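The structure displayed is predicted, hence computed values, not measured ones. The sequence lines fix the lettering, A, B, ..., with proteins before strands; numbering per chain opens at 1.
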Amino acid sequence: MPELPEVESARLVLERHALGRTIADVDDSDTYVCRPHLPGEMRAALVGRRLTEANRRGKSMWCETSGLHDAEAGPTLGIHLGMSGKIVFVDRGGEEIDGGDYWQRGRARGDHRFTRFALRFTDGTAVMLVDPRRLGRVRLDPPVERLGPDALDITLPQFRAAMARGSAPVKARLLDQEALAGVGNLLADEALWRAKLNPNRPVDELTRAEVDRLRRSLRAALDQAVAGGGVHTLSVIPARHADGSCPRCGARMVRGTVGGRTTWWCSREQPGAALPA
DNA sequence: TATAGTGTTATCGG
DNA sequence: ACCGATAACACTAT
């Protein structure tokens, strides 16, 4: 599902099409995705306004809105894609003309069965959140202040600080959105594989050189995935299966659970392994 | 029919 | 209170 690169693709869909159009109607009837709002609450807050900015930090997006009648700006619209969310833009005829294709798996273009939220504009176009699993979220004035630095912007000192606390496995720390924002399960495996670090290594046992190497690897993985439009374009992802082998050295890939998530690593290049029972 | 899953968060135990 | 591990969430694809 969406990690930073996919969310950036979704943000660009909003930026290309949703900014500047006037909101005519809002479908906020899914009370699970739109919690804690009541149905109609977001519609009442947004109709007549325009989206003026599409922002992102880690996997969270938020849009600023215009004021009504030259008044001050409106509320902030927060969007999180969860595990299966996609942002899709459709034209006046309901034809899908952008979005969604950054992650085609399990969904045909134009399949809007799982639309959970939508903004319809005065010109008849619309943006929608298509999210089969409904783990995505849309809300007003979302809390984003708890997120750590965006993984694309994080400086070396900030990255060192993010890895400096506690003794969790390094992969668990990479996934901690309060430490740094944007890294998901696949990106974490890729960065660790590139840095040749075992995902179970406790952060407090990493050398400074290893931490710095990890940041370079993460940066390279992010750049590749953002350019390619998604984490599915990363190198080690195709090897995450039962008889997968390391794309670099050919050794068998090993599967385990780290930080509560399914994790794959190279048995030869990422040694160190399982913590003693 | 049973299971895994690209994310987040409440809850529990140390 | 801090930290880390786990379950739960909702639902589809395999």
Side-chain angles (χ1 to χ4, degrees), chain A residues 1-10 30-36 56-61 78-87 100-108 111-117 129-139 142-144 146-148 151 162-193 199-205 218 221-222 224-226 228-242 255-264 274-275 277:
Chain A
M1 161 15 21
E3 302 190 32
L4 187 155
E6 286 81 2
V7 178
E8 178 60 15
S9 295
D30 189 317
T31 56
Y32 186 81
V33 168
C34 297
R35 72 186 181 283
R56 179 192 61 74
R57 180 152 167 197
K59 305 169 194 171
S60 294
M61 293 184 282
I79 301 174
H80 195 292
L81 300 178
M83 289 276 269
S84 59
K86 305 146 188 65
I87 294 294
D101 44 306
Y102 58 87
W103 191 49
Q104 283 288 356
R105 178 176 159 187
R107 175 180 176 272
D111 180 359
H112 299 158
R113 283 179 296 161
F114 306 117
T115 298
R116 311 302 188 185
F117 176 85
L129 170 69
V130 179
D131 178 19
R133 288 177 68 177
R134 295 171 77 209
L135 292 174
R137 251 149 267 178
V138 182
R139 58 164 297 180
V144 288
R146 292 182 57 177
L147 293 171
M163 297 296 128
R165 221 163 311 137
S167 58
V170 59
K171 178 173 177 180
R173 181 64 76 255
L174 284 175
L175 294 174
D176 180 353
Q177 304 300 301
E178 296 185 28
L180 75 165
V183 178
N185 198 31
L186 269 34
L187 218 26
D189 276 8
E190 176 82 13
L192 290 162
W193 173 77
N200 288 290
R201 295 276 302 282
V203 284
D204 57 351
E205 291 177 13
L218 174 60
L222 274 168
Q224 179 178 324
V226 170
V231 291
H232 60 281
T233 63
L234 293 171
S235 308
V236 83
I237 305 313
R240 297 173 100 261
H241 60 87
R255 179 194 152 117
T257 298
V258 184
R261 311 302 304 278
T262 295
T263 302
W264 293 85
L275 302 171

(Q) What contact category does A:R173 fall into here, base, sugar-phosphate, or nothing, at under 4.0 angstrom with non-hydrogen atoms? (A) sugar-phosphate
Q. For the side chain of A:R134 and the base of C:dA10, is some donor closer than 3.5 Å to an acceptor across the two?
A. no
Q: Name the closest nucleotide to the A:P169 side chain, picking from B:dT9, C:dA5, B:dG5.
A: C:dA5
Q) Under 4.0 Å between a side-chain N/O of A:R261 and OP1 or OP2 of B:dG7, yes or no? A) yes
(Q) Side-chain N or O of A:R255 versus OP1/OP2 of B:dG5: is the shortest distance under 4.0 Å? (A) yes
Q) The side chain of A:R116 lies closest to which of these nucleotides: C:dC11, C:dA10, B:dG7? A) C:dC11
Q) Base, sugar-phosphate, or nothing for A:G82, non-hydrogen atoms under 4.0 angstrom? A) sugar-phosphate
Q) Can a side chain N or O of A:Q177 be found less than 4.0 Å away from OP1 or OP2 on B:dT8? A) yes
Q) Given C:dC3, is OP1 or OP2 found less than 4.0 Å from the side-chain N or O atoms of A:S167? A) no
Q | N or O in side chain of A:H80 less than 4.0 angstrom from B:dT8 OP1/OP2 | A | yes
(Q) Regarding A:R35, tell me which of base, sugar-phosphate or nothing describes its non-hydrogen contacts under 4.0 Å with the strands shown. (A) nothing
Q. Counting side-chain heavy atoms from C-beta on, which of C:dT12, C:dC3, B:dT9 comes nearest to A:R137?
A. B:dT9
Q) Only one of A:R134, A:R139, A:R137 clears salt bridge (charged side-chain N to carboxylate O under 4.0 Å, His left out) with A:D30; which? A) A:R134
